[in-house]
Structures are given as structure tokens and as C-alpha cells.
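This one's a predicted model, so the numbers in the text were calculated from it and none came from an experiment. Sequence lines set the chain letters: A, B, ... in the order given, protein chains first and strands last, and positions in each chain run from 1.
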Amino acid sequence: MKADELKKYSAGSKESPFWNVIAETMPREKLNDLHLKRLQKLVHYVSENSAFYRSRFKEIGLEPGDIKTLDDYKKKVPFTDKDDFLELQSKSPPYGPTQAMPAEFIAHHAETSGTTGAPLAIPYSLYDTMRYGESWCPAFWATGIRPTDSFYFAFGWGNFAGFWSAYWGVRRFGGKVISGGGLNTEGHISAIQRLKPTVIISTPTFALRLAAVAKEMGVNLEDSSVNYTMHAGEPGPTALPAMKKEILEAWGAQNAGELLGIAEIDAFAPCNSIGDGVHVDEMSVYSWVIDPDSGKEVSEGEIGEHVVTSYTNGTQPLLNYRTHDLVRPRYSCPSGRTWLKFEGSVLGRTDFMITLRGTNVYPTAVENILGDIDGVSSNYELHMTQDQGNDEMEIKFEPETVIPETKWFELSNKVQQVVRDNLKVRMKVTPSPPSSLPRYDLKTKRVFDHRPKEFQRAMDR
Amino acid sequence: MDIDIATEKIIAARSLIKEVLIECDVPMVEGALDEADLNLHWILWNLGVDVELHPKLEKN
């Protein structure tokens, strides 16, 4: 057969509405049945192989055989938190007693971004990396991306797990990898013009930063080869519809997808084809949602904290891991996926919520409002302070460059009014000159907590 | 694709791989077959088959 007669994938696969129709549309009853069997195996596995879990289970008298139902799992297996793992690793680096496989099986070392402190070390076996990569594929497919596409990685290649998982994902998917490692922003834009990728993978804010710098360089990305953008690492096109519109316009792209991941867990929640949320990949993780104060499970549609267990990280297992992400769970979706959906992706963080004069405010809600106001650019910061025991939030934003300085005061008043109308609270609003707020290539720091230390929590996964 | 038939054939393929692995003393072949088995295990996992968490944990 001649090479030009080769087909990347079959006609049948090409027509498939899902990357894996069997798993993505599995009936709830079968999913729950599988979860129970897999969780029982996982509890046995960590009891035998992880000094950390063995000790935890011994403290509370939990035997692996005690898990007979999903409810048992939720109620009997103790919660874990990033701080537990950070503390153990700091005492015995790199992985301490959290490691559950012999060192010879560790095939890759990665870390969390560490933007707010010591990074969490994450060991992966070869199998972990394959499975982690697979989690990107349903998001690619649902966004319209196909294995015939070429992917430009607009980031450097440090130890950050998120970037490596994207690479594993594209390898798994069968697409073409184009690394932008080592280039600065202008270099990325030149490389995109020269290498003509059809997909850009980056944090959503960096996609906008690339578009802004391209404009300064006289490059119109609307006419570029890029048809799709895919994002992770921060609230993106699913959580922030105004941001999606901005990205699509800036890149002239057909669609912008998003994936919710947690470095130490998995790239576990791909966007769906209708763009209204992300779905938990129930082949890779088991998720449920709790009231962050009581620890009890919330009902469908109620906002609560996501608690996750990973099947795919056998080297450093995470069971009933508190993510601090606030989500709204749904168990049905017009997209046809049966996997648990988080409507609107992550709505906020338990540690970010502040109470302003009796009203709970999440930064994501403020971000969504800012994105809808004409004249407000995508560069802004939210500053949390405390005055006589009361939380306060200040919005600093850059007006778009077309807005003359004489109109900034008027625009600030409009922002204040729109926020007040929508959230029923008054916030201080301050304009900053264009290009005055810092830009980031990795995760953009939007929220600054200046409250007394005892009121602060870790601001990053 | 008939899932039951596909599952049956993948399980059979894994058995064949294991047969070769038992006798294997060529690192290249062993490494490639190990990786092939990971992929087949992963397919079964994603088809909803009740398999072990990791192929290495399976009792032969």
C-alpha cells in the first residue's frame, strides 16, 4: 500500500460522537457497580502498599473488607488533603510514605505548579502516564479536534504535571506534537506562523496574551492556521463564557475547549460538546460533592466541594481527596454523556469565598461579570482585605486601550454598578493603566489575599 | 463493534502475551510486550470489565 493511501483512523471511528462511546455513555447503574468494585480493590491496594493509608486506617479501625457499599466508602474512608501529602513529603522527600509502588516502577517525576509554596512531588508509573494522558482525549474529541490535527504547546517544559499530561494526551490521541518550549511570547507567535498548527494548548489567559502581543507585532491571528484552542490550569472557556468569546474572536477559531485537572490527581474532567460544563472521567476517578462545612454529600444541583479518588495514580494514590473546588453536580446532560457533570466547571474555591456584608461572593462570579462589560479588558485583579473583621474585595482592572483616560472614572462606576446589581454587594473598583498589571505565562494570579494570616488558605491547587 | 466479542479477543490476546513473557529473556521484547499488555488492560478497564487496578497485580 502506498503511504498516501493510509488512513489515520477508520470511517466508523471518524463518525463517532464520542472518543469512547462505551465509557462516556455507560448507564449510571453500571458505572456505580464498577466504582464499588474498583474502590474496594483500591482500598485493599493502599492498605497493603501505602504506609500512609495503612496508618490512617489503623487509627480509625478501618478494615478493607468494611467497604461494602459506595456509601460505606464515602463515610468510612477518611478525607485526605494536599497539606497531608506536603507535610509527609517535606519530612521524607521526595515522596515519603505516600509512595505505594517500588521506586523502580516510577517512570516520571512531576510536580504541582508550586506558585504559592513548596510544590507537591508526584511520581508516575508508565501506566499512570498513559492513563493520565487518555483523560485529555474526550475533551479533544468533544471540542471537534481529531487525531489528524497538529498541536502547538505554548509553554515551557519544566516539571509541572499539567503540561506533561497534555503531551501524554496528544501522544495518546494520535495528533502531531509541536513544542514551543524555550520560546518567549513573540517566539511562540513566529513559530505558530511558521509551523501552522491547527490547535493551541495553553492556559486561557496566555492564549489571550499571545493574541494581544501578536496584535502589537502586527500579526493577525484571526487568519492563522489555528482552528481550535484547548485550555487548562485556570478557569477557562466553560467557566467564563465571555472569555470563550474573546478567545474565539482573537484566534478566529471554531471552538475553544477546556479541561479541569488537578496535577496530583489527573486531567480528570473534559469539557463536553455543548460547552456548558466539564464531566468527570468516571473511568479514571470517582467523584462526589460535599457541603464543605458538614462533610455531608449535597444533592444534585447544589453547590458543594468536589471530593475525588483517583484510580489512575497507583504510585501515589489519593483517596477521598478534598479539592476545595466548588462545583454544581448534574447527573444528566443533553450531550449524551452520563459521566457526572460539573455545570459551568469550577465555580469557585472554598478558600476563595468571602462574605461581603452577609453575601457570599466567589471570584469566578466577579470574573464573569467583568468579562461582559464593554471597555473592561481581560487584565484584572481581585484583592481581598479585612476591615474591622469584615471581608472586603477590591477590583483592579485595566480599561481596554481604546478607552481614553478621561473615561476611566465613568467606566469604574459602571463596573461598580453592574457588580452591585448582580451580586448585591458594593466593591471598591480601581482602574489601572493598560499594561500595568503583571502578565503570566503559566497560571495568571488574579486573586490576592491580604487578610490576616489566620483567614487565608492556600490559594492554589 | 460487538463489545462481548472484542472483550473476549482482547482477553485471549493478553493470555498469548503472558505465554511469551514467561519464557522471555530479551529485554526489548519483554518491554514492548509489557507495554502492549498495559494497553490491552486499559481497553478492558474502559470497556467496563472488572479487572485488577494494575496488570502486575493480577494473579497468574
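- The minimum heavy-atom distance between A:I145 and A:F173, with the atom names listed, is O-CZ, 3.4 Å.
- The shortest heavy-atom contact between A:F85 and A:T80 is CE1-CB, 3.8 Å.
- Using a distance-only test at 3.5 Å, with no hydrogens or angles considered, a donor-acceptor pair links the side chain of A:T323 to the main chain of A:H306.
- The shortest heavy-atom contact between A:F140 and A:V170 is CZ-CG2, 3.9 Å.
- In plain terms, the two heavy atoms of A:P147 and A:K8 that are nearest each other are O-NZ, 2.9 Å.
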Below 3.5 angstrom, are there any donor-acceptor pairs between chain A and chain B, and if so, which atoms and how far apart?
{"from": "A:R38", "atom 1": "NH2", "to": "B:W45", "atom 2": "O", "distance (Å)": "2.7"}
{"from": "A:R38", "atom 1": "NH2", "to": "B:V49", "atom 2": "O", "distance (Å)": "3.4"}
{"from": "A:K41", "atom 1": "NZ", "to": "B:D50", "atom 2": "OD1", "distance (Å)": "2.5"}
{"from": "A:Y127", "atom 1": "OH", "to": "B:H41", "atom 2": "ND1", "distance (Å)": "2.6"}
{"from": "A:Y127", "atom 1": "OH", "to": "B:W42", "atom 2": "N", "distance (Å)": "3.2"}
{"from": "A:R131", "atom 1": "NH1", "to": "B:L53", "atom 2": "O", "distance (Å)": "3.2"}
{"from": "A:E134", "atom 1": "OE1", "to": "B:W42", "atom 2": "NE1", "distance (Å)": "2.9"}
{"from": "A:R172", "atom 1": "NH1", "to": "B:N39", "atom 2": "OD1", "distance (Å)": "2.9"}
{"from": "A:R172", "atom 1": "NH2", "to": "B:N39", "atom 2": "OD1", "distance (Å)": "2.9"}
{"from": "A:M283", "atom 1": "O", "to": "B:W45", "atom 2": "NE1", "distance (Å)": "2.6"}

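- A side chain to side chain donor-acceptor pair (under 3.5 Å) with A:D71 is found for one member of A:K74, A:K68, A:K75 and no other, namely A:K75.
- Proximity to chain B involves both the backbone and the side chain of A:L42, based on heavy atoms less than 4.5 angstrom apart.
- Interface check for chain A: of the options B:V49, B:L53, B:V51, the most heavy-atom pairs under 4.5 Å are formed by B:L53.
- By the side chain to side chain contact (heavy atoms under 4.5 Å, CB included) test, A:K176 is found to be paired with A:S150, A:I178, residues two or more places apart in sequence or in another chain being considered.
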